[in-house]
Engineer: 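Have a look at this one before I ask anything.
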2 protein chains.
Amino acid sequence: MRKIAESTVRRLSLYLRFLEEFEAEGVETVSSEALAHRGGTTAAQVRKDLSFFGSFGKRGLGYSVPELTQALRDILGLGRRYEIVVVGAGKIGSALAQFRGFAERGFHVEWVYDSDPAKIGADWNGMTVRDVRELDADLASAPADIAILVTPADVAQPIADRLVRAGIKAILNFAPVQLAVPEDVAVKNVSMALELETLSYALRNR
Amino acid sequence: MRKIAESTVRRLSLYLRFLEEFEAEGVETVSSEALAHRGGTTAAQVRKDLSFFGSFGKRGLGYSVPELTQALRDILGLGRRYEIVVVGAGKIGSALAQFRGFAERGFHVEWVYDSDPAKIGADWNGMTVRDVRELDADLASAPADIAILVTPADVAQPIADRLVRAGIKAILNFAPVQLAVPEDVAVKNVSMALELETLSYALRNR
DNA sequence: GGATGTGAATGTCTTCACAGCT
DNA sequence: AGCTGTGAAGACATTCACATCC
């Protein structure tokens, strides 16, 4: 399949959220125009984004909400359950591990790790914080799909190496480090400070 | 000034982080090549990004680390202190309000708001959670620069309206809603679920 | 009639390649 | 000689506009 732009994938993800809202409202059919309006983009953009993956609408009518919802779930790979490990049990790791929005979308946090003896053994909503030394053995017996890395900068790379060796193919990285990983491993960097800096830039002349 | 692409601004923010690392390591001069290598981009990209704002290097030599650091801080508007309000004292709001990485970069969380009586009055590292009903009055007497919105979806828009009326010009929005705001207000949406979905998409055929 | 799906046109971003300065 | 700064070329993304089908 042709390579798809990241911006397109992000929009598909957004469309899916809107479709779920429409579904909850009992709407059965939407036009590209309606989807675009809710998402702050254009109707042509919506149709183009979808066209990379097939044709899901009916001319003259629009898109069936349940059908397009299902199609987008398939495209995004959301038809299954994902096992997540969180490495780093600080404030952000803790918040993410317990975030309800994940489970709703099939992302299940099974394990949380830390190296701090004060945190190991702590119970969070039925999840137990484990010693990071167990990480490799745990992953060997129960593989995970995605790792969320929320460690200090200096240990992020060595942990990433261990995750990769354990077969993890996707990492959501909160550590302020550019991780080096094999090219078949997907890394998504998230930085709150960087987001604030884009806002600070936007504020320059106001 | 010409309009600058968001992707450029994000990279400048990254370069700044790397420059601070170089500075800590005692490096005095860097080439575009060195910066690019650490940031996973190309030397030409680094030079082009900088060229929108001026010329900061010396041909044949590279860039002075302290000078370029300062230039980037100025460009990004980081030469000042920013006052932040956090609305929503859930797990994520709490983690963000106490995140040390913010203060290091001049972003100071002064106030945290919630509507839950069980949370109001709680003390977090010297920060007190206040009743969200006080929000408007507080902002009238002590304006803030940036708001971080971490509320449930259904109250996000009304809160955003109040923030806008109080003069806030930048919002970091964690609520899964497309906010409607006047065009002189900058909004940056952050969605952990969406980030995971781009990873899930990347995992499709692996 | 009405809304999709899609080539073609336009616009934006990235990469190239080299002149110009140190 | 070495590395920047930058037009020009190329790649990529968005928008337009219309033929196509329900």
Side-chain angles (χ1 to χ4, degrees), chain A residues 1-16 18-19 22 27-72 75 178 198 201-202, chain B residues 1-16 18-19 22 27-72 75 178 198 201-202:
Chain A
M1 184 188 291
R2 229 197 86 190
K3 202 191 153 254
I4 301 296
E6 156 125 7
S7 51
T8 295
V9 177
R10 297 182 75 86
R11 280 191 302 265
L12 292 178
S13 210
L14 264 186
Y15 303 155
L16 175 55
F18 301 143
L19 284 165
F22 282 125
V27 179
E28 306 210 326
T29 293
V30 286
S31 62
S32 53
E33 176 57 39
L35 265 179
H37 183 257
R38 190 166 295 206
T41 178
T42 68
Q45 181 77 77
V46 171
R47 296 201 299 276
K48 180 64 89 180
D49 286 339
L50 295 174
S51 77
F52 295 130
F53 298 94
S55 33
F56 306 101
K58 287 199 180 39
R59 294 171 196 234
L61 251 171
Y63 303 88
S64 146
V65 171
E67 278 173 28
L68 188 54
T69 302
Q70 191 49 50
L72 286 181
I75 291 167
Q178 213 66 17
T198 68
Y201 176 80
Chain B
M1 184 188 288
R2 227 197 87 190
K3 200 190 154 253
I4 301 296
E6 156 125 8
S7 51
T8 295
V9 176
R10 297 181 76 87
R11 282 191 301 266
L12 292 179
S13 209
L14 264 186
Y15 304 156
L16 175 56
F18 300 143
L19 284 164
F22 281 125
V27 179
E28 306 210 326
T29 293
V30 286
S31 62
S32 54
E33 176 57 38
L35 265 180
H37 184 257
R38 190 166 294 205
T41 179
T42 68
Q45 181 77 77
V46 171
R47 298 201 298 276
K48 182 60 92 180
D49 286 339
L50 295 174
S51 78
F52 295 130
F53 299 93
S55 33
F56 306 100
K58 286 199 182 38
R59 294 172 195 232
L61 251 171
Y63 302 88
S64 148
V65 171
E67 278 173 28
L68 188 54
T69 302
Q70 191 49 51
L72 287 180
I75 291 167
Q178 214 67 17
T198 68
Y201 175 81

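What you see is a predicted model; the values in this text were computed from it and never measured.
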Engineer: Between B/Y63 and D/dG5, is there a side-chain N or O to OP1/OP2 distance below 4.0 Å?
Structural biologist: yes
Engineer: Using every non-hydrogen atom in the two residues, find where A/L12 and A/L50 come nearest and quote the distance to one decimal.
Structural biologist: CD2-CD2, 4.0 Å
Engineer: Using whole Å, what does the distance between atom P of nucleotide D/dT6 and atom CZ of B/F56 come to?
Structural biologist: 10 Å
Engineer: Find the distance between CG (B/L14) and OG1 (B/T41) and round it off to the nearest 0.5 Å.
Structural biologist: 9.5 Å
Engineer: Shorter than 3.5 Å, N or O on both sides, protein versus nucleotides 18-20 of chain D: list them out with atom names.
Structural biologist:
| from | atom 1 | to | atom 2 | distance (Å) |
| --- | --- | --- | --- | --- |
| D/dT20 | O2 | A/R59 | NH1 | 2.6 |

Engineer: For DNA chain D, whose closest nucleotide is more 5', that of A/T41 or that of A/L61?
Structural biologist: A/T41
Engineer: For residues 60-69 of chain B, pull every pair meeting salt bridge (charged side-chain N to carboxylate O under 4.0 Å, His left out), keeping only residues two or more places apart or in separate chains.
Structural biologist: none
Engineer: Taking all non-hydrogen atoms of both residues into account, name the closest pair between A/Q178 and B/G39 and its distance.
Structural biologist: NE2-O, 3.9 Å
Engineer: In Å and rounded to the nearest 0.5 Å, what is the CZ to CD distance from B/F56 to B/Q70?
Structural biologist: 11.0 Å
Engineer: Counting just side-chain N and O atoms, does B/S31 come under 4.0 Å of either OP1 or OP2 of D/dC3?
Structural biologist: no
Engineer: Could you walk me through whether B/I75 and B/F52 pass side chain to side chain contact (heavy atoms under 4.5 Å, CB included), step by step?
Structural biologist: CA-CA 10 Å; B/I75 291 167; B/F52 295 130; over 6 Å; no
Engineer: From NZ of B/K48 over to P of D/dG7, roughly how many Å is that when rounded to an integer?
Structural biologist: 7 Å
Engineer: Taking CZ from A/F52 and P from D/dC12, how many angstroms apart are they, rounded to a whole number?
Structural biologist: 12 Å
Engineer: Just to verify, what does B/R38 make a salt bridge (Lys or Arg N to Asp or Glu O under 4.0 Å) with, not counting sequence neighbours?
Structural biologist: B/E21, B/E25
Engineer: With distance as the sole test, does B/S51 use its side chain to make a donor-acceptor pair with the main-chain N or O of B/K48 at under 3.5 Å?
Structural biologist: yes
Engineer: Under the criterion side chain to side chain contact (heavy atoms under 4.5 Å, CB included), I'd like the reasoning laid out for A/T69 against A/F22: C-alpha separation, chi angles, the key distance, then a yes or no.
Structural biologist: CA-CA 10 Å; A/T69 302; A/F22 282 125; over 6 Å; no
Engineer: Tell me the closest heavy-atom pair linking B/R47 and B/S32, and the distance in Å.
Structural biologist: NH1-OG, 3.1 Å
Engineer: In degrees rounded to 10°, what angle is found between the helical axes fit to the five outermost pairs at each end of the helix from C/dG1-D/dC22 to C/dT22-D/dA1?
Structural biologist: 10°
Engineer: In whole angstroms, how far is the P atom of D/dC12 from the CG atom of A/D49?
Structural biologist: 17 Å
Engineer: Think A/Q45 has a side-chain N or O under 4.0 angstrom from the OP1 or OP2 of D/dT15?
Structural biologist: yes
Engineer: Please report the closest heavy-atom contact between B/V27 and B/T29, naming both atoms and the distance.
Structural biologist: CG1-O, 3.3 Å
Engineer: What is the distance, rounded to the nearest whole Å, between atom NZ of A/K3 and atom P of D/dC12?
Structural biologist: 8 Å
Engineer: How many angstroms lie between atom CD of A/Q45 and atom OG of A/S7, to the nearest 0.5 angstrom?
Structural biologist: 7.0 Å
Engineer: Find the distance between OH (B/Y15) and OH (B/Y63) and round it off to the nearest 0.5 Å.
Structural biologist: 9.5 Å
Engineer: Taking any atom under 4.0 angstrom from a heavy atom of chain B, which nucleotides of DNA chain C are the first and last to qualify, 5' to 3'?
Structural biologist: C/dC13 to C/dT22
Engineer: If only side-chain N and O atoms of B/S32 are considered, is one of them under 4.0 Å from the OP1 or OP2 phosphate oxygen of D/dT4?
Structural biologist: yes
Engineer: Could you list by number each residue of residues 5-13 of chain A showing a heavy-atom separation from DNA chain C of less than 4.0 Å, or answer none if no residue does?
Structural biologist: none
Engineer: For the CZ atom of A/F53 and the OG1 atom of A/T8, what is their distance to the nearest 0.5 Å?
Structural biologist: 7.0 Å
